[in-house]
There are 2 protein chains.
Amino acid sequence: MDAALRADLVARGMAPDCAETIELVRDVLARVGDKWTVLVVTTLASGPIRFTALHERIPGISQRMLSHTLHALRRDGLITRTAYAEVPPRVEYALTPLGRSLAAAVDHLVRWTQTHQADIARNRQDYDDDK
Amino acid sequence: MDAALRADLVARGMAPDCAETIELVRDVLARVGDKWTVLVVTTLASGPIRFTALHERIPGISQRMLSHTLHALRRDGLITRTAYAEVPPRVEYALTPLGRSLAAAVDHLVRWTQTHQADIARNRQDYDDDK
DNA sequence: CAGGATCCAGTCCGATACTG
DNA sequence: CAGTATCGGACTGGATCCTG
């Protein structure tokens with residue numbers, strides 16, 4: 001993906017595995033930071049849930065984005081998808097142990113945000129006032 | 001910003017402050033998850049540094065993106081910008097206490113990524129092979 | 001030296017419509 | 001029910017040029 005940056009970093013004397021880590025970290029943070037992932041993961045944290053139920057529990061998300069987000073999470077092994085051969089069809093999504101582990105790590109950052117949200121809001125206010 | 005989602009969430013019975021928190025968390029995560037923030041912050045963690053030095057230490061970043069990233073970080077009060085009235089001009093950027101605090105929180109997630117990167121890589125491999 | 005302004009390509013995401 | 005396909009607008013990020 002960003003092989004060019006990695007090559008640059010390595011060329012400048014950075015250890016290759018460190019450079020690769022930067023790529024991966026950015027990748028994981030980008031996933032976690034995207035518009036819907038956190039909401040989907042926190043909703044899944046309550047237990048297995050079906051596509052439509054998930055859709056209803058997350059107001060504002062489109063089917064397309066829910067589908068995309070679930071695909072991305074599944075690709076990384078953070079959630080599982082279980083389809084039951086029934087009529088009408090039933091599909092359940094659930095966090096994997098890895099997914100729960102990430103959710104816990106994210107929770108750390110979520111709590112940081114809650115703790116400091118007033119600071120950030122005030123900083124923005126001050127900054128915008130100055131301009 | 002996403003007032004619509006917040007309104008939706010509140011309408012569905014979610015506590016207003018919780019709905020606002022989701023917005024802010026997503027906001028902070030999006031900032032942290034963008035392409036250059038983590039590299040800029042970790043570079044700043046070594047101590048105050050000038051614009052050009054920062055530019056050289058982060059291979060691949062454009063002036064435009066460095067400038068944008070610094071603005072965003074400054075707006076949230078995560079870094080400071082100090083201009084010295086000299087010729088040639090000198091400007092130094094440094095983390096604020098809040099910035100260092102966020103860096104520590106992010107570090108948690110970075111370590112999670114390092115710990116589990118092999119798992120994720122394997123999951124992706126397996127997933128892509130299946131297709 | 002430290003950026004701001006402009007242009008452009010690629011990507012993201014929502015709305016809508018359709019299917020096994 | 002659980003999605004996929006397609007389209008169009010908004011946004012992102014890089015290259016380049018310009019300035020106090």
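Throughout, protein chains are lettered first and strands after them, A, B, ... in sequence-line order, and every chain is numbered starting at 1. As a basis for the values below, the full set of heavy atoms in this structure was taken, side chains included, without hydrogen atoms, waters or symmetry mates. Predicted, not measured: the structure shown is a model, and the values here were computed from it.
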Let's go through A:Arg111 and A:Asp107 carefully: what are the C-alpha distance in whole Å and the side-chain angles of both, what is the deciding distance for salt bridge (Lys or Arg N to Asp or Glu O under 4.0 Å) to 0.1 Å, and is it a yes or a no?
CA-CA 6 Å; A:Arg111 269 202 285 274; A:Asp107 196 54; 2.7 Å; yes
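For B:Asp34, the side-chain atoms get nearest to D:dG13 when compared with the rest of D:dC17, C:dG20, D:dG13. When distances run from any side-chain atom of A:Val91 to the nucleotides D:dG3, D:dG14, D:dT6, the shortest one goes to D:dG3. In this structure, the nucleotide among D:dG3, C:dA2, C:dG14 sitting nearest to the side chain of B:Phe51 is C:dA2. The side chain of A:Arg50 lies closest to D:dC1, out of D:dG20, D:dC1, D:dC17.
In this structure, A:Tyr93 and A:Phe51 have tilted ring planes: the angle between them lies in the 30° to 60° band.
Taking atom CD on A:Glu92 and atom C1' on D:dG3, their separation rounds to 16 Å, with Å as the unit. What separates CD of B:Gln63 from P of D:dT19 is a distance of 15 Å, to the nearest Å. Distance CE (A:Met65) to C1' (D:dA5): 13 Å, rounded to an integer number of Å. Counting to the nearest Å, the P atom of D:dG14 and the CD1 atom of B:Ile61 are 8 Å from each other. Between the NE2 atom of B:His71 and the C1' atom of D:dT12 there is a distance of 17 Å, given to the nearest Å. Counting to the nearest Å, the P atom of C:dC1 and the CG atom of B:Leu70 are 17 Å from each other. When rounded to the nearest whole Å, the span between CZ of B:Arg57 and P of C:dA2 equals 15 Å. Atom CG in A:Leu66 sits roughly 17 Å away from atom P in C:dC12 (whole-Å rounding).
Side-chain atoms of A:Leu78 and A:Val41, non-hydrogen and from C-beta on, never get closer than 4.5 Å to each other.
For B:His55, no side-chain nitrogen or oxygen approaches OP1 or OP2 of C:dG3 to under 4.0 Å. A close approach under 4.0 Å does occur between a side-chain nitrogen or oxygen of B:Tyr93 and OP1 or OP2 of C:dG3. A:Arg81 has a side-chain polar atom (N or O) that falls below the 4.0 Å cut-off from OP1 or OP2 of D:dG3. The side chain of B:Arg64 contributes no N or O atom lying less than 4.0 Å from OP1 or OP2 of D:dT12. An OP1 or OP2 oxygen of D:dA2 is reached within less than 4.0 angstrom by a side-chain nitrogen or oxygen of A:Thr52. Neither OP1 nor OP2 of D:dG14 sits under 4.0 Å from any side-chain N or O of B:His68. The side chain of B:Ser67 contributes an N or O atom lying less than 4.0 Å from OP1 or OP2 of C:dG4.
In this structure, the ring of A:Trp112 has its center less than 6.0 angstrom from the ring center of A:His116.
Both A:Pro89 and A:Ser62 sit near DNA chain C, but only A:Ser62 has its closest nucleotide nearer the 5' end.
Salt-bridge check for A:Asp128 with B:Arg75: passed, with a basic side-chain N closer than 4.0 Å to an acidic carboxylate O.
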